[in-house]
Amino acid sequence: MAAVAEGLETESAAAEDAARDAADAVDAGPGVPPLLAGNRLSLDLYPRGCHRLLHLCAQQVPQLLEVEFLQLSSHEDPRLLEATLARLPWSLPRLRSLVLKGGQRRNALGACLQGSLTTLPASLSGLTHLAHLDLSFNSLETLPACVPQMCGLSALLLSHNCLSELPEALGALPALTFLAITHNRLETLPTALGSLSTLQRLDLSENLLDTLPPEIGGLSSLAELNLASNRLQSLPTSLAGLRSLRLLVLHSNLLASVPASLARLPLLTRLDLRDNQLRDVPPELLDAPFVRLQGNPLGRAPPDPHSPPGTPVVPEMPRLLLTSDVDSFPVTPQGCSVTLACGVRLQFPAGATATPVTIRYRLWLPEPRLVPLGPHDSLLSGVLELQPHGVAFLQEVGLWLLFVPPRARRCREVVVRTLSDNSWSDLETHLEEEAPKVVHVGSRGRPALLEEPEAAASPLLCLTQSGPPSFLQPVTVQLPLPPGVTGLSLDRSRLHLLYRAPPAAAWDDITAQVALELTHLYARFQVTRFSWSVLPLASSVPPHPPVCTAYLTPQLPRYWLWYTTATCVGGLARKAWERLRLHRVNLIALQRRRDPEQVLLQCLPRNKVDATLRRLLERYRGPEPSDTVEMFEGEKFFAAFEGGIDVDAGRPDCVEGRLRFVFYSHLRNVKEVYVTTALDRKAQAVRGQVSFYRGEVPKEVPEEAEAARQKKGMDTLWMATLPIKLPRLRGSEGPGQGASLSLAPLNLGDAETGFLTQSNLLTVAGRLGPDWPAVALHLGMPYRELQRIRHEFRDDLDGQIRHMLFSWAERQAGRPGAVGLLVQALEQSDRQDVAEEVQAILELGRRKYQEGIQRTSLAPGDLGPPGPSALQSPEPAQA
């Protein structure tokens with residue numbers, strides 16, 4: 001006992017010595033900049049954050065007594081970090097929020113590094129006002145003993161640690177409302193967890209849980225429970241006691257059954273059961289609109305029960321379908337099949353690993369420095385990184401990568417390469433044709449169309465096929481029966497299988513051409529091709545296939561199962577299909593407040609217009625949206641500027657000054673362009689307009705489309721016209737001067753070395769993305785101005801980039817070497833790709849300049865220094 005006490009005294013003395021040394025070292029150094037902002041102290045992004053905090057504590061700064069929010073990085077020396085934390089109860093007595101996260105540092109490949117925090121000093125239990133504690137991205141293997149003693153704690157975040165169990169004392173937190181322990185190694189939960197009567201949100205995803213304690217039903221206030229990506233095989237019936245539960249996420253587990261009592265939870269709005277082993281679901285849950293069941297073997301026969309006595313039951317390999325917000329998955333000795341959000345599939349066979357391991361993945365964009373390519377190599381996919389590196393598997397792991405063969409030349413050989421010990425090697429690669437894709441499209445308004453109470457229709461099934469139109473063997477297609485219809489009670493004379501293959505508009509009844517096999521929940525049939533047209537008896541195809549086989553353009557066959565007493569269902573299905581694809585939309589044309597020459601055009605469904613305008617009107621202004629028009633999903637239309645206004649840049653989607661659009665209800669359908677005019681804006685403002693028309697861009701749009709505007713309908717060309725006004729230029733003010741940022745006449749560079757015009761700068765701005773602060777600093781922009789731009793355009797990344805680049809270009813106009821400075825800044829910011837594009841634009845400008853000289857028959861000896869008129873004569877390069 002004396003030895004233990006002596007050891008504790010030694011550690012305490014060492015910690016005090018470390019704190020004293022750190023404070024002395026900081027006192028001897030330069031003055032600490034002001035770090036306090038009201039009641040917040042953020043030191044997680046500053047180097048030597050613990051030294052700075054100890055310095056403030058040693059100075060006994062009075063403002064520390066008012067600090068309620070503290071952020072510290074756990075990427076510090078463990079002894080120094082512990083000494084710093086030990087002083088918090090006395091130096092920051094009113095602290096309410098403490099963030100000790102790791103993850104601020106990354107390794108050479110960009111992965112977040114975990115902090116060095118492994119425990120907390122016992123004195124932190126003296127923070128009586130602490131309500132929020134974030135210990136994410138650290139190296140905790142056990143929960144520090146002081147945490148359960150923080151009685152006022154309401155939010156506890158422990159994600160991305162190494163916790164394998166939780167103490168029973170965790171149930172002694174009477175005020176806890178939010179608990180997140182994702183991406184750990186938990187195998188069991190303490191029974192005292194059910195004592196947290198105030199807990200409202202519990203996130204235990206990405207762990208190794210195989211069971212839940214029955215006491216979890218005592219969480220009477222729980223509203224959200226996330227147990228995704230675990231190994232749960234069953235659920236306790238006590239979950240029915242969670243009467244406040246609104247969200248229950250259980251996807252990517254091993255569940256073979258779920259209690260029917262979940263359907264009776266009064267407030268439940270979402271139950272996610274995707275990617276489990278459910279073969280049968282209680283009827284109460286099967287028809288519930290808030291239940292998600294994709295990825296389950298529903299309706300499949302269970303494994304053969306007639307196995308020899310003593311034969312162990314091998315559980316089915318779990319299948320995981322990861323969403324875009326999940327970057328890791330567990331692999332157990334049982335194996336698993338994983339489909340990443342990017343479409344990549346991995347197959348880990350049983351026995352591939354002896355112990356559970358968590359695999360993290362990241363998809364890198366192809367860059368020359370990342371993947372070395374030979375003179376005849378082409379990169380066909382992104383770069384997939386799997387961590388941890390150096391893991392050796394006991395069985396071969398399968399990897400499926402999606403790629404598109406190059407169009408320019410025939411693909412001779414496709415190989416998958418892997419990086420190991422700083423060298424690339426080829427893996428054994430096999431090519432597979434992509435299987436048909438299945439897309440379920442929900443249906444709406446079918447009973448109203450049929451005018452029959454008992455009428456019903458299944459979800460619409462769309463198949464995409466790449467390759468030859470016929471199959472070598474019959475393919476089974478399975479459709480769920482319409483809601484309320486079962487295979488035991490239906491009348492087969494009322495069941496109709498409809499088929500449609502674009503571009504045909506009619507729906508054909510093929511019920512008599514297939515053999516429908518009915519189960520309790522599904523209807524199955526077999527096809528050998530996705531075409532029901534009559535084949536010709538004679539053919540000019542040679543008896544032997546040619547060497548190069550030409551495949552037809554992939555069709556989009558659609559199948560629809562209807563249950564009705566009507567005998568001719570094709571016409572009704574066509575009306576229902578049109579209603580599924582028909583949307584009521586409004587067209588928007590807004591001008592940027594700072595730059596009226598920047599015009600935003602957008603087509604939105606009617607229910608999204610108000611929310612979009614509330615977000616845009618802080619930065620844009622313009623007329624009211626157009627009247628409501630009807631558009632089909634995938635319908636093409638275009639916008640034409642009229643009244644003396646035209647588009648000020650060459651764009652691939654612009655034909656003769658008219659912008660092409662394709663409407664999709666789930667996309668933004670937005671384009672932002674710069675406009676110009678040939679009229680004299682110094683005399684008066686230019687009042688023009690933009691009109692929207694259906695279809696492809698024709699060779700000629702009728703002048704003002706007067707004839708088309710005489711009537712409205714689905715078959716008319718014109719849809720709407722909205723006014724566009726370019727304000728009058730006052731005095732010597734031109735575009736790009738005064739209050740606006742319009743830089744229409746701005747040309748960086750000179751005629752001999754090449755110009756960068758406004759449209760070129762707009763293209764560069766669109767490529768920078770989140771790297772723009774580094775480019776701005778290399779361009780010589782003060783950090784204070786960079787912070788001002790971030791604050792002024794805090795909700796608009798594109799606005800930040802354009803404002804930075806255009807304001808710098810305005811200051812550099814007329815100065816020599818400005819373009820070279822931009823190229824140098826891009827290279828220093830590791831954006832060699834954009835720098836090369838700028839150099840290509842300059843080369844194009846120089847070539848056009850030389851062509852202009854030849855066209856005007858000027859000899860090189862006759863050229864003097866180019867004057868203002870000469871600078872404007874060559875056509876500037878356009879991005």
Side-chain angles (χ1 to χ4, degrees), residues 101-103 112 114 118 134-144 147 155-168 170-171 176 178-194 196 199 201-217 219 222 224-236 239 242 245 247-256 258 272-277 315 317-323 325-336 338 348 353-361 387-388 391:
K101 291 177 59 175
C112 294
Q114 291 183 306
T118 58
D134 190 350
L135 303 177
S136 305
F137 285 96
N138 281 294
S139 304
L140 298 173
E141 296 184 359
T142 58
L143 189 66
V147 174
L156 177 59
L157 291 83
L158 300 168
S159 300
H160 293 274
N161 277 279
C162 306
L163 298 171
S164 58
E165 60 179 359
L166 297 174
E168 294 286 343
L170 186 65
L176 193 64
F178 176 52
L179 177 60
I181 321 180
T182 67
H183 292 83
N184 278 272
R185 304 171 185 172
L186 297 178
E187 298 182 1
T188 59
L189 295 176
T191 57
L193 188 67
L196 300 174
L199 191 63
R201 297 170 58 193
L202 176 60
D203 192 348
L204 297 170
S205 59
E206 301 290 343
N207 280 282
L208 304 175
L209 298 172
D210 51 10
T211 58
L212 296 176
E215 289 78 6
I216 198 172
L219 301 174
L222 193 63
E224 298 181 11
L225 176 59
N226 191 344
L227 295 165
S229 299
N230 280 278
R231 297 186 295 182
L232 297 173
Q233 300 182 18
S234 61
L235 299 175
L239 288 180
L242 303 177
L245 196 63
L247 172 65
L248 178 56
V249 180
L250 294 163
H251 72 75
S252 303
N253 277 278
L254 304 176
L255 294 174
V258 290
D272 194 341
L273 295 170
R274 294 174 297 166
D275 300 301
N276 280 278
Q277 304 299 321
M317 178 181 295
R319 295 179 296 111
L320 306 179
L321 183 62
L322 305 187
T323 56
D325 57 340
V326 178
D327 60 355
S328 63
F329 55 90
V331 179
T332 63
Q334 183 183 349
C336 64
V338 184
F348 295 88
T353 175
T355 58
V357 59
T358 299
I359 305 295
R360 299 187 301 275
Y361 80 92
Q387 293 181 340
V391 175

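Note that the structure is a prediction, hence the values are computed from the model and not measured.
- Not one N or O on the side chain of Glu206 forms a donor-acceptor pair closer than 3.5 Å with the backbone of His183.
- Using a 4.5 Å heavy-atom cutoff, the side chains of Ser159 and Ser136 are in contact.
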Criterion side chain to side chain contact (heavy atoms under 4.5 Å, CB included) on Leu140 and Thr142, from CA distance to verdict: CA-CA 6 Å; Leu140 298 173; Thr142 58; over 6 Å; no
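- Formation of a donor-acceptor pair under 3.5 Å by the Glu187 side chain with backbone atoms of Leu208 is not found in this model.
- Residue Leu135 holds its CG atom at 8.5 Å from CG of Leu157, rounded to the nearest 0.5 Å.
- Using a 4.5 Å heavy-atom threshold, the side chains of Val338 and Tyr361 count as separate.
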Pair Leu204-Leu179, side chain to side chain contact (heavy atoms under 4.5 Å, CB included): steps then yes or no: CA-CA 8 Å; Leu204 297 170; Leu179 177 60; 5.6 Å; no
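- With contacts defined as side-chain heavy-atom distances shorter than 4.5 Å, the pair Leu248/Leu242 does not qualify.
- Side chain of Asn230 to main chain of Leu209: a donor-acceptor pair is present (N/O by atom type, distance under 3.5 Å, no hydrogens or angles).
- In plain terms, the two heavy atoms of Leu189 and Pro213 that are nearest each other are CB-CD, 3.9 Å.
- Side-chain contact between Leu193 and Leu202: present, with at least one pair of heavy atoms (C-beta onward) separated by less than 4.5 Å.
- A donor-acceptor pair is defined here as one N or O able to donate and one able to accept, closer than 3.5 Å; no such pair exists between the side chain of Asn138 and the backbone of Asn161.
- When all heavy atoms of Thr358 and Ser328 are compared, the closest pair comes out as CG2-CB, 4.0 Å.
- When all heavy atoms of Cys162 and Asn184 are compared, the closest pair comes out as N-OD1, 3.3 Å.
- The closest donor-acceptor contact from the side chain of Asn207 to the backbone of Leu186 lies under 3.5 Å.
- No side-chain donor from either of Thr182 and His160 sits under 3.5 Å from a side-chain acceptor of the other.
- The minimum heavy-atom distance linking Arg274 with Asn276 is given by the pair O-ND2, 3.1 Å.
- Scanning all heavy atoms of the two residues, the minimum distance from Pro236 to Pro214 falls at CB-CA, 4.3 Å.
- Listed here is the closest heavy atom pair of Thr191 and Glu215: O-CB, 3.4 Å.
- Around CD of Glu141, the count of heavy atoms belonging to other residues, nucleotides or ligands within 6.0 Å does not exceed 12.
- Of the possible donor and acceptor atoms, one in the side chain of Asn253 sits under 3.5 Å from a partner among the backbone N and O of Leu232.
- In this structure, the side chains of Leu250 and Leu235 come closer than 4.5 Å at one or more pairs of heavy atoms.
- Annotation: side chain of Leu245 is in contact with side chain of Leu225 (closest heavy-atom distance under 4.5 Å).
- Taking 4.5 Å as the limit, some side-chain heavy atom of Ile216 sits within range of a side-chain heavy atom of Leu239.
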